[in-house]
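In this chain, numbering begins with 1 at the start of the sequence shown.
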Amino acid sequence: MAAFDHRALRNRILAQAGEIAFNDSTPVLVSRSLRAGEGELTADGALSVTTGVHTGRSPKDKFIVRDALTADTVWWDNTAALSPAQFDVLLEDALAHVAGKTLFAQDLAAGADQAHRLNVSVFTEHAWHALFIRNLLIRPELSGEFAADVTIVHVPSFKADPARHGTRTETVIALDMSRNIVLIGGTYYAGEIKKSVFSLFNFHAPRENTLPMHCSANIGPAGDTALFFGLSGTGKTTLSNDPERLLIGDDEHGWTKTGVFNLEGGCYAKTVKLSETAEPEIYQATRSFGTVLENLVLDPRTRLPLFDDISLTENTRAAYPLETLPVVSEGGVGGTPRTVVFLTADAFGVLPPIARLTPDQAVYHFLSGYTAKVAGTERGVTEPQATFSACFGAPFMSLHPTVYGALLAERLKASGASTWLLNTGWTGGGYGVGKRIDIASTRRLLNAALSGELDRGPTRIDPVFGLAVPAHVKGIDDQLLEPRRTWNDPIAYDRAAEKLVGLFQKNFEKFGRLDHLVAAGPSLAQAAE
């Protein structure tokens, strides 16, 4: 298939729009955003904006074009399909919608490794969205004509017509993988731009023998690279931001035969209940000029963000360039990982706080992608609810999870990396009865794993989950390492553990007959032996 001519699409957009502001700098974008009334400045110079009805992603409104390239490869259970004809009509109508309007364009890059880099042109209606994606992607040195590999047409004010375009609602996130075109309409939530790039990368990377990963990554003083996988609320961003380790990136990476690279050039951190003490680096980034704050309420007197105020949404966010942080890896690359950490916030209170995984257990838990929602975080959630998101990022996985699982198994075998399940959730009982494992204990356990300290100590095999748990860690109460001992009612622990095991097993059924991995998962039969 011949490569798509993105230059021709660029010229069409140029001809259609009234004005296009190309590659404005951060100060110019902030100024233009304020003049247009898109947002307001905080006391520290961050740009505070709101996104209206959509304060998070709209996964049910995401579509991939089904064509010869994607028909037999895309994970269609995870995304809806558009025909090439429907996408073409959608694109034509979106371009007609921007006729005579001012657009903001940013020519950026995704992929710190030059051998795996995508040049990305983003056209958007708003200066603040241009600033957002400028913060999040890599800002290359521009000289001469920019040769885009990906074009994103971001038109929040455009509303899709389900009858005409084949969409579900007026909101649409449509990806044409063959031509690398993205069309976004009907939502002002900026995260859709960022995650569309990731979805494209997730589709193409395995064909280049690269494992795309929804994870953070950092480098220790000895040059050791570590990966941190985890869903929202598990501590992925917090724990990877460590003053003693260089941050490669907080969210999206690729793992090749030679090492790891960041897909992005910035961070998109959750800020709900942000603490200056617990998360000083992220807190300071929210006070930097040019940072974009999404859906944060400002104190009317001081113009400072109120991180505990979730009246707009619990999904409050800060988008800032990596260089805003004090300790980052130069170049956004790292060597072959020595440690891989899967984070979970177990609200049932039954998983150990840390456990070493065998290679098969690692792939099992990677495919499971477990964490738990707690009561009160979403309407109608009154007790802990298990959440399973394959590869710790199912909404962005364009191919079937087993494709990524096989690549992970290959990378773990070749690297010999140690793999850990780190529970940042509850102990002594489930949510509402027990207490959350304190951040100091979590960091102590994590540092013991990263340093190799846990490799040298004795372990016990958890009778329910089959995991190798350290018997003793200096500075940690031994009781914390055995969850059942932390419960006042051991029988209640057994019931909660039995429930979670059943949920794991039922979830894994969707992956078919992977007997060697099923055997690596939790089993009540183990407890009975």
I'd like to know whether Ile64 forms a side-chain contact (heavy atoms from CB on, under 4.5 Å) with Trp76, so could you lay out the CA-CA distance, the side-chain angles of the two residues, the decisive distance to 0.1 Å, and finally the verdict. CA-CA 9 Å; Ile64 292 176; Trp76 293 114; 4.0 Å; yes
Is the backbone N or O of [Y] less than 3.5 Å from a side-chain atom of [X], with the two atoms forming a donor-acceptor pair by type?
{"X": "Asn507", "Y": "Leu503", "result": "no"}
{"X": "Arg411", "Y": "Ala417", "result": "no"}
{"X": "Arg444", "Y": "Lys474", "result": "yes"}
{"X": "Asp346", "Y": "Leu351", "result": "yes"}
{"X": "Thr371", "Y": "Thr387", "result": "no"}
{"X": "Glu244", "Y": "Gly220", "result": "no"}
{"X": "Arg338", "Y": "Leu450", "result": "yes"}
{"X": "Trp487", "Y": "Gly349", "result": "yes"}

Where [X] and [Y] come nearest, the two heavy atoms and their spacing:
{"X": "Leu246", "Y": "Val328", "value": "CD2-O, 3.8 Å"}
{"X": "Thr324", "Y": "Ser288", "value": "CG2-OG, 3.2 Å"}
{"X": "Thr171", "Y": "Asp61", "value": "O-CB, 3.5 Å"}
{"X": "Arg317", "Y": "Thr271", "value": "N-OG1, 3.6 Å"}
{"X": "Leu408", "Y": "Ala362", "value": "CD2-O, 4.4 Å"}
{"X": "Thr286", "Y": "Ala318", "value": "CG2-CB, 3.9 Å"}

Could you grab the distance from atom [atom1] of [X] to atom [atom2] of [Y], nearest 0.5 Å is fine?
{"X": "Glu410", "Y": "Leu211", "atom1": "CD", "atom2": "CG", "result": "9.5 Å"}
{"X": "Leu108", "Y": "Arg117", "atom1": "CG", "atom2": "CZ", "result": "10.5 Å"}
{"X": "Leu446", "Y": "Thr424", "atom1": "CG", "atom2": "OG1", "result": "11.0 Å"}
{"X": "Leu304", "Y": "Leu296", "atom1": "CG", "atom2": "CG", "result": "11.5 Å"}
{"X": "Leu467", "Y": "Ile354", "atom1": "CG", "atom2": "CD1", "result": "11.5 Å"}
{"X": "Trp128", "Y": "Asn135", "atom1": "CH2", "atom2": "CG", "result": "11.0 Å"}

### Query
Can you check side-chain contact (heavy atoms from CB on, under 4.5 Å) on Ile437 and Leu445, steps first, answer last?
CA-CA 11 Å; Ile437 300 169; Leu445 292 169; 5.7 Å; no
(message) Closer than 4.0 angstrom, basic N to acidic O: yes or no for Glu264 and Lys194?
(response)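 Yes, Glu264 and Lys194 are salt-bridged.
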Checklist entry - Should the pair Glu323-Arg139 be classified as a salt bridge under the 4.0 Å nitrogen-to-oxygen rule? => result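 Yes, charged N to carboxylate O under 4.0 Å.
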Let me know which of Tyr370, Trp420, Phe229 forms a ring-ring contact (aromatic ring centres under 6.0 Å, His included) with Phe342.
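Of the listed options, the one satisfying the test is Phe229.
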(Q) What verdict does the ring pair (Phe, Tyr, Trp, His ring centres under 6.0 Å) test give for Phe366 and Tyr404, after you've listed the backbone C-alpha separation in whole Å, the side-chain angles of each residue and the deciding distance to 0.1 Å? (A) CA-CA 9 Å; Phe366 177 69; Tyr404 308 111; 7.7 Å; no
Side chains of [X] and [Y]: donor-acceptor distance under 3.5 Å anywhere?
{"X": "Ser398", "Y": "Ser199", "result": "no"}
{"X": "Ser311", "Y": "Asp309", "result": "yes"}
{"X": "Glu294", "Y": "Tyr268", "result": "yes"}

Relative to the ring of [Y], is the ring of [X] parallel (under 30°), tilted (30 to 60°) or perpendicular (over 60°)?
{"X": "Phe388", "Y": "Phe504", "answer": "perpendicular"}
{"X": "Phe508", "Y": "Tyr364", "answer": "parallel"}
{"X": "Phe198", "Y": "Phe201", "answer": "parallel"}

What do the steps show when you test Thr427 against Thr486 for side-chain hydrogen bond (donor to acceptor under 3.5 Å, both in side chains), and what is the final call? CA-CA 7 Å; Thr427 187; Thr486 68; 3.2 Å; yes
Exercise. For the side-chain hydrogen bond (donor to acceptor under 3.5 Å, both in side chains) test, which of Thr313, Thr316, Thr51, Thr55 pairs with Asn295?
Worked result: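 When Thr313, Thr316, Thr51, Thr55 are each tested with Asn295, the side-chain hydrogen bond (donor to acceptor under 3.5 Å, both in side chains) holds only for Thr51.
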Are [X] and [Y] packed together at the side-chain level, in the sense that at least one heavy-atom pair is separated by less than 4.5 angstrom?
{"X": "Asn423", "Y": "Pro352", "result": "no"}
{"X": "Phe511", "Y": "His400", "result": "yes"}
{"X": "Asn209", "Y": "Leu407", "result": "yes"}
{"X": "Ser329", "Y": "Asn262", "result": "no"}
{"X": "Met213", "Y": "Leu227", "result": "yes"}
{"X": "Pro156", "Y": "His154", "result": "yes"}
{"X": "Val350", "Y": "Lys499", "result": "no"}
{"X": "Pro395", "Y": "Asn78", "result": "no"}

Is atom NZ of Lys510 surrounded by more than 12 heavy atoms (other residues, nucleotides or ligands) closer than 6.0 Å?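 Buried by this count: over 12 neighbours within 6.0 Å.
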> Taking everything shown except Asp515 itself, do over 12 heavy atoms lie less than 6.0 Å from its CG?
Replying inline: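 Enclosed: over 12 neighbouring heavy atoms sit under 6.0 Å from CG of Asp515.
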Under the criterion side-chain contact (heavy atoms from CB on, under 4.5 Å), I'd like the reasoning laid out for Asn315 against Tyr189: C-alpha separation, chi angles, the key distance, then a yes or no.
CA-CA 11 Å; Asn315 188 36; Tyr189 180 66; 3.2 Å; yes
Partner set under side chain to side chain contact (heavy atoms under 4.5 Å, CB included) for Ala471, not counting sequence neighbours: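 With sequence neighbours excluded, Ala471 shows a side chain to side chain contact (heavy atoms under 4.5 Å, CB included) to Pro458, given in chain and number order.
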With sequence neighbours excluded, residues passing side chain to side chain contact (heavy atoms under 4.5 Å, CB included) with Thr258: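 Once residues adjacent in sequence are excluded, the partners of Thr258 under the side chain to side chain contact (heavy atoms under 4.5 Å, CB included) criterion are Thr256.
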Discussion item. Please evaluate residues Val501 and Phe465 with respect to the criterion side-chain contact (heavy atoms from CB on, under 4.5 Å), reporting the C-alpha separation (whole Å), side-chain torsions for both, the decisive distance (0.1 Å), and the verdict.
Written reply: CA-CA 8 Å; Val501 168; Phe465 297 97; 4.0 Å; yes
Residue pairs passing the side chain to side chain donor-acceptor pair (under 3.5 Å) test where at least one lies in residues 214-232, sequence neighbours excluded |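 As it turns out, the side chain to side chain donor-acceptor pair (under 3.5 Å) pairs with a partner in residues 214-232, which skip direct neighbours, are Lys195-His214, His214-Asp251, Ser216-Ser240, Asn218-Arg245, Asp224-Arg245, Ser232-Lys270.
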Item to complete: Quickly, which of Leu137, Leu136, Ile152, Ile173 forms a side chain to side chain contact (heavy atoms under 4.5 Å, CB included) with Ile193? Name it, please.
Response: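 Result for side chain to side chain contact (heavy atoms under 4.5 Å, CB included) with Ile193: Ile152.
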